[in-house]
Undergrad: 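Just passing along the structure, written as structure tokens.
Computed from a predicted structure; not experimentally measured.
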2 protein chains.
Amino acid sequence: MAKSGTPSRVHEAGSPRSIETRRRLIDAAVATLQREGFARSSARVIAERAQMNQGLIFYHFGSVTNLLLAALDDVSAKRLERYGAMVDGVDTPDELVDAAAAIFDEDLDAGYVTVLVEMIGGASSTPGLGPAVAARIRPWISFTENSMRGVLGDSPLAGLIPASDLAYAVVALYIGLEMLSHLEGDRSGARRLAAHAKDLSRLASALIGPAAEAT
Amino acid sequence: MAKSGTPSRVHEAGSPRSIETRRRLIDAAVATLQREGFARSSARVIAERAQMNQGLIFYHFGSVTNLLLAALDDVSAKRLERYGAMVDGVDTPDELVDAAAAIFDEDLDAGYVTVLVEMIGGASSTPGLGPAVAARIRPWISFTENSMRGVLGDSPLAGLIPASDLAYAVVALYIGLEMLSHLEGDRSGARRLAAHAKDLSRLASALIGPAAEAT
DNA sequence: GTCTATACTTGGATAGAC
DNA sequence: GTCTATCCAAGTATAGAC
């Protein structure tokens, strides 16, 4: 299980061979989480998709859980980078909400958040997984916080609630929406909400008022 | 729950003996979900807590999943009743938010939502569970919608976004917050948010304006 | 160092006892 | 009708082969 702390017997050697194997396993893990869900993401199933022996997962990652976390890290890094680019140069709530809606849609279509949601769900189902997943969500909260801070400035709303808490709430809402969509196997609820986002951003703009142009 | 459709071999006989057995199993299932999580809520573990043979779960409920759903139904019904009482007689946003905050706290302390959150998580981990859990969340959305509708009246905010969509978002936020708290094994984030709820309700009151007194 | 064949554990479900 | 002893599948992990 390579529980943090244990040096464990994971072989992270950097030989080309090893890197290639790890890559294939991570890709297969991502695909399996997206298409089959956490439930079916067993060593056997993932290995079959990668066309490799399931024992390799334990050799290279120490446990299935670790492989799944590596998979989460992989998509997480890619997404965060992409989001950074999208949010860059945004400085009004209106634009930020537009960017967020675009991100939301892209995620729904591509199934990126699916990986995160499956892992959050899986945490209910795998002893030590919770904290590890929580640690991987933290960067997202920071990212959200920074994105909003620039936009909020020192508006009245900013005085009412700290940006860090607001960011926490936004991420929670995002996760909750994805979770519900996911349960229902139908994203119409979330999409309906996204459609209202624009209306709400106008509301936010009004609340923030002059600050919007100030920054 | 005998999966609607399948006549199955579940014995729902109403003999006192049978009822007693079912009760004990449901109570044990609730306790296990709360204290050990979905992961450890196997037939064997639940049965041991109930001091019964694990085979009884299959005799009375057909499957572990069905027992867990019965457990969810059990707490869900109790909570919904309690919430109804709390929200009854509320007609301003301020009062509603107060009631909601009280509910939120009570839930966090007693671990009631834990059962729901564990089941939502478990859905990632058990093939057909998703839709069944989604169906059990729907009454909560309706409840929220009704609670808010009375308060919103025909205020400007009500014109901006339908009560049904707003209710969906509120429930999603609630679930998301619980989910995050749960992952971190620490509810401080959620509590910090709850502390801001009062501030935000004042904001809402201002937006709704005269309607608050009107109803 | 890399990988495969094999061992062991846990859990869901049922055939049959009371 | 109610319950228990038993079976079988699936999964993780490792001992040992290459």
Undergrad: Measure CD/E20(B) against C1'/dC3(D) and give the value in whole Å, please.
TA: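 Checked: the CD to C1' distance equals 15 Å.
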
Undergrad: Taking 4.0 Å as the cut-off, does a side-chain nitrogen or oxygen of R40(B) come that near to OP1 or OP2 on dG11(C)?
TA: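 For R40(B), the contact criterion (side-chain N or O under 4.0 Å from OP1 or OP2 of dG11(C)) is not met.
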
Undergrad: CZ of R22(B) versus C1' of dT2(D): gap in Å, rounded?
TA: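 The distance from CZ of R22(B) to C1' of dT2(D) comes to 13 Å, rounded to the nearest Å.
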
Undergrad: Round to the nearest Å and state the distance from F61(A) atom CZ to dT12(D) atom C1'.
TA: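 Atom-to-atom, F61(A) to dT12(D), this comes out as 16 Å.
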
Undergrad: Without decimals, in angstroms, what is the distance between Q51(A) CD and dC3(C) P?
TA: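 Rounded to whole Å, this separation is 15 Å.
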
Undergrad: Separation of L25(B) atom CG from dG12(C) atom P, in whole Å?
TA: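 Roughly 13 Å, once rounded to whole Å.
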
Undergrad: Is the CZ atom of R23(A) crowded by more than 12 outside heavy atoms at less than 6.0 Å?
TA: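 Count over threshold, so yes.
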
Undergrad: Given dT12(D), dA13(C), dT2(D), which nucleotide is nearest the side-chain atoms of Q54(A)?
TA: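 Among the listed nucleotides, the one closest to the side chain of Q54(A) is dT12(D).
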
Undergrad: Would you say Y59(A) places a side-chain N or O within less than 4.0 Å of OP1 or OP2 belonging to dC3(C)?
TA: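 It does not, given that no N or O in the side chain of Y59(A) lies less than 4.0 Å from OP1 or OP2 of dC3(C).
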
Undergrad: Within the 3.5 Å criterion, strictly below it, is a donor on T92(A) or D94(A) matched to an acceptor on the partner's side chain?
TA: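 Short answer, no.
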
Undergrad: Mind calculating the distance between CZ (R17(B)) and C1' (dC3(D)) to the nearest angstrom?
TA: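 It is 9 Å, rounded to the nearest whole Å.
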
Undergrad: Give me the ring orientation class for Y83(A) and F143(A): parallel if the planes are under 30° apart, tilted from 30 to 60°, perpendicular past 60°.
TA: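 Taking F143(A) first and then Y83(A), their aromatic rings sit tilted (interplane angle of 30° to 60°).
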
Undergrad: Is it true that R149(A) and E145(A) have a side-chain N and a carboxylate O under 4.0 angstrom from each other?
TA: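 E145(A) and R149(A): salt-bridged.
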
Undergrad: Search all heavy atoms of G14(A) against all heavy atoms of I19(A) and return the closest pair with its distance.
TA: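 It is O-CD1, 3.4 Å.
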
Undergrad: Tell me whether the OP1 or OP2 atom of dC3(C) has a side-chain N or O from H11(A) closer than 4.0 Å.
TA: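 No, no such contact exists.
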
Undergrad: Assuming nearest nucleotide by heavy-atom distance, tell me which of N53(A) and V45(A) is located more 5' along DNA chain D.
TA: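 Result: V45(A).
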
Undergrad: dT12(D) P sits how many Å from E48(A) CD, rounded?
TA: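 Going from CD in E48(A) over to P in dT12(D) covers 14 Å.
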
Undergrad: Do D109(A) and R191(A) sit within salt-bridge range, that is, some charged N less than 4.0 Å from a carboxylate O?
TA: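 R191(A) and D109(A): salt-bridged.
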
Undergrad: Check the distance between dT2(C)'s P and R24(A)'s CZ and give it to me in whole angstrom.
TA: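 Computing the R24(A):CZ to dT2(C):P distance gives 15 Å.
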
Undergrad: So does T21(A) get a side-chain nitrogen or oxygen closer than 4.0 Å to the phosphate oxygens (OP1/OP2) of dC3(C)?
TA: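 T21(A) to dC3(C) OP1/OP2: side-chain N or O found under 4.0 Å.
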
Undergrad: For the helix from dG1(C)-dC18(D) to dC18(C)-dG1(D), figure out the bend between the end axes, five pairs an end, and round to 10 degrees.
TA: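 Inter-axis angle at the termini of the helix from dG1(C)-dC18(D) to dC18(C)-dG1(D): 10°.
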
Undergrad: Decide whether T32(B) and R49(B) meet the rule of one side-chain donor and one side-chain acceptor closer than 3.5 Å.
TA: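 There is such a pair between these side chains.
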
Undergrad: Is there a donor and acceptor pair, one atom on the side chain of R44(B) and one on the base of dT10(C), closer than 3.5 Å?
TA: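 For R44(B), whose side chain was compared with the base of dT10(C), there is no donor-acceptor pair (under 3.5 Å).
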
Undergrad: The side chain of S42(B) is closest to which nucleotide in this list: dT4(D), dT4(C), dG11(C)?
TA: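 Shortest atom-to-atom distance from the side chain points to dG11(C).
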
Undergrad: F58(B) side chain: which of dT2(C), dA13(C), dT2(D) is closest?
TA: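 Ranking dT2(C), dA13(C), dT2(D) by closest atom to the F58(B) side chain puts dA13(C) first.
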
Undergrad: Which heavy atom of A190(B) sits nearest to which heavy atom of F104(B), and what is that distance?
TA: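 Smallest interatomic distance, heavy atoms only, reads CB-CZ, 3.6 Å.
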
Undergrad: Out of dC3(D), dT2(C), dT12(D), which has the shortest distance to the side chain of A43(A)?
TA: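 Nearest to the side-chain atoms of A43(A), counting from C-beta on, is dT12(D).
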
